[in-house]
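This report concerns only the one structure given below.
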Amino acid sequence: MKNLDWSSLGFGYLKTDYNVRCYYRNGKWGELEVSSEETVTLHMGATCLHYGQEAFEGLKAYRGKDGKIRLFRVEENAKRMIRSAEGVVMAPVPEELFIKAVKKAVELNKDFVPPYESGASLYIRPLLLGLGAQVGVKPAPEYLFIVFVSPVGPYFKEGFKPTPMAIMRGYDRAAPLGTGTIKVGGNYAAGMVPTVLAHEKGYSACLFLDAKEKKYIDECGPANFFGIKDNTYITPESTSILPSITNKSLMQLAEDLGLKVERRHVPEEELATFEEAGACGTAAVISPILRVDDLDEHKTYQISKDGKPGPICEKLYNKLRGIQYGDEPDTHGWVTLLD
């Protein structure tokens, strides 16, 4: 294992030894290649640069108390990248190839998987790019699939602690029938301005409303939203939300804990009724919400009354992390153990 100050890692890029690459040419995927090069050579006419033919994923590897390395629901990431590729007319990476590349990238960089209880993990970034010289708006003739990794600390520097979020009605993250349901870079570019503004105003994230009516909660930029009330886990249903694998897992765990689960439209006003709420995703797992300020309507929805995570958020967080690190039984078959 590398001699790094694991506990001080932020959520950023740290150079590792290798990445894994694979090219799609002449209508088929080639063999996996191992590279120590951190850069990519692209033609200036590549479709990923001009027309957004690009998709990516994010998942993590965890080192358990037993020293073994675990991947969490890697098959779900493979399936989601296929949906993303199809959504912007790229050659999809077959599930088997995706999983093989992820495993190889982690195994080649296993010395960078942080130790158990360090608070850090190995972030895995699969990336799919459209290559080839194009000037017209049409799909690329070639594609490059890359998997690189980086050890990371918590996404939110506050860790598992409630933070304030802001609603800013002058911005949309994604159109109702656009690319919001797939994981492409354009969605994040659209949310960049309000996210930066939210950070400047002291908020951890921007909570987006639906783009069509500005009535319903959509998501928190890089994470899904959920609320807890009356022993029910409630998360928004929308045609512009990226289906979070973490949220999908939390819905199952909520059921396991005896909660009802509802996936439906969530009116903004319902924020006033939630006993707990959070943002969830691979990077943060769960980031509990302290309060939500609607900056345009001058409303404040106080979620956490004492500044601490709620009991159900805490149970869900500990249960999910326990499964990821091998401390809780993997009753749903979510974990892939690496040799």
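At a cut-off of 3.5 Å, with distance as the only test, no side-chain donor of Tyr233 or Glu255 sits close to an acceptor on the other residue. Checking Arg291 against Ser304 by side-chain atom types alone, no donor-acceptor pair falls below 3.5 Å. Checking Asp256 against Gln252 by side-chain atom types alone, a donor-acceptor pair falls below 3.5 Å. In summary, the side chains of Glu37 and Ser35 do not present any donor paired with an acceptor at a separation below 3.5 Å, with no hydrogens or angles considered. Donor-acceptor pairing under 3.5 Å is recorded for the side chains of Asp5 and Ser7. Looking at Tyr18 and Asn109, their side chains never bring a donor and an acceptor atom within 3.5 Å of each other.
Residue pairs meeting the side-chain hydrogen bond (donor to acceptor under 3.5 Å, both in side chains) criterion with at least one partner in residues 170-182, sequence neighbours excluded, are Asp172-Lys214, Arg173-Glu219, Thr179-Asn187. The ring-ring contact (aromatic ring centres under 6.0 Å, His included) contacts involving residues 234-267 comprise Tyr216-His265, where partners must be two or more places apart or lie in separate chains. Legend: salt bridge (charged side-chain N to carboxylate O under 4.0 Å, His left out) pairs involving residues 223-238, not counting sequence neighbours, sorted by first then second residue: Lys229-Glu270.
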Between Leu127 and Phe145, does a side-chain contact (heavy atoms from CB on, under 4.5 Å) hold up when you go through it step by step?
CA-CA 6 Å; Leu127 175 65; Phe145 175 54; over 6 Å; no
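Taking the side chain as every heavy atom from C-beta outward, Leu128 and Met81 approach each other to under 4.5 Å. Lys100 places a side-chain heavy atom less than 4.5 Å from the side chain of Leu32. The shortest side-chain heavy-atom distance between His43 and Leu131 does not fall under the 4.5 Å cut-off. No side-chain heavy atom of Thr235 sits less than 4.5 Å from a side-chain heavy atom of Ile241.
Ring planes of Tyr325 and Tyr62: perpendicular class, angle over 60° (limits at 30 and 60°).
Few gaps surround NZ on Lys305; more than 12 heavy atoms of other groups in view lie less than 6.0 Å from it.
Note that OG of Ser84 and CZ of Phe56 are 8.5 Å apart. Values are rounded to the nearest 0.5 Å.
Under a 4.0 Å N-O distance rule, the pair Glu57/Arg80 qualifies as a salt bridge.
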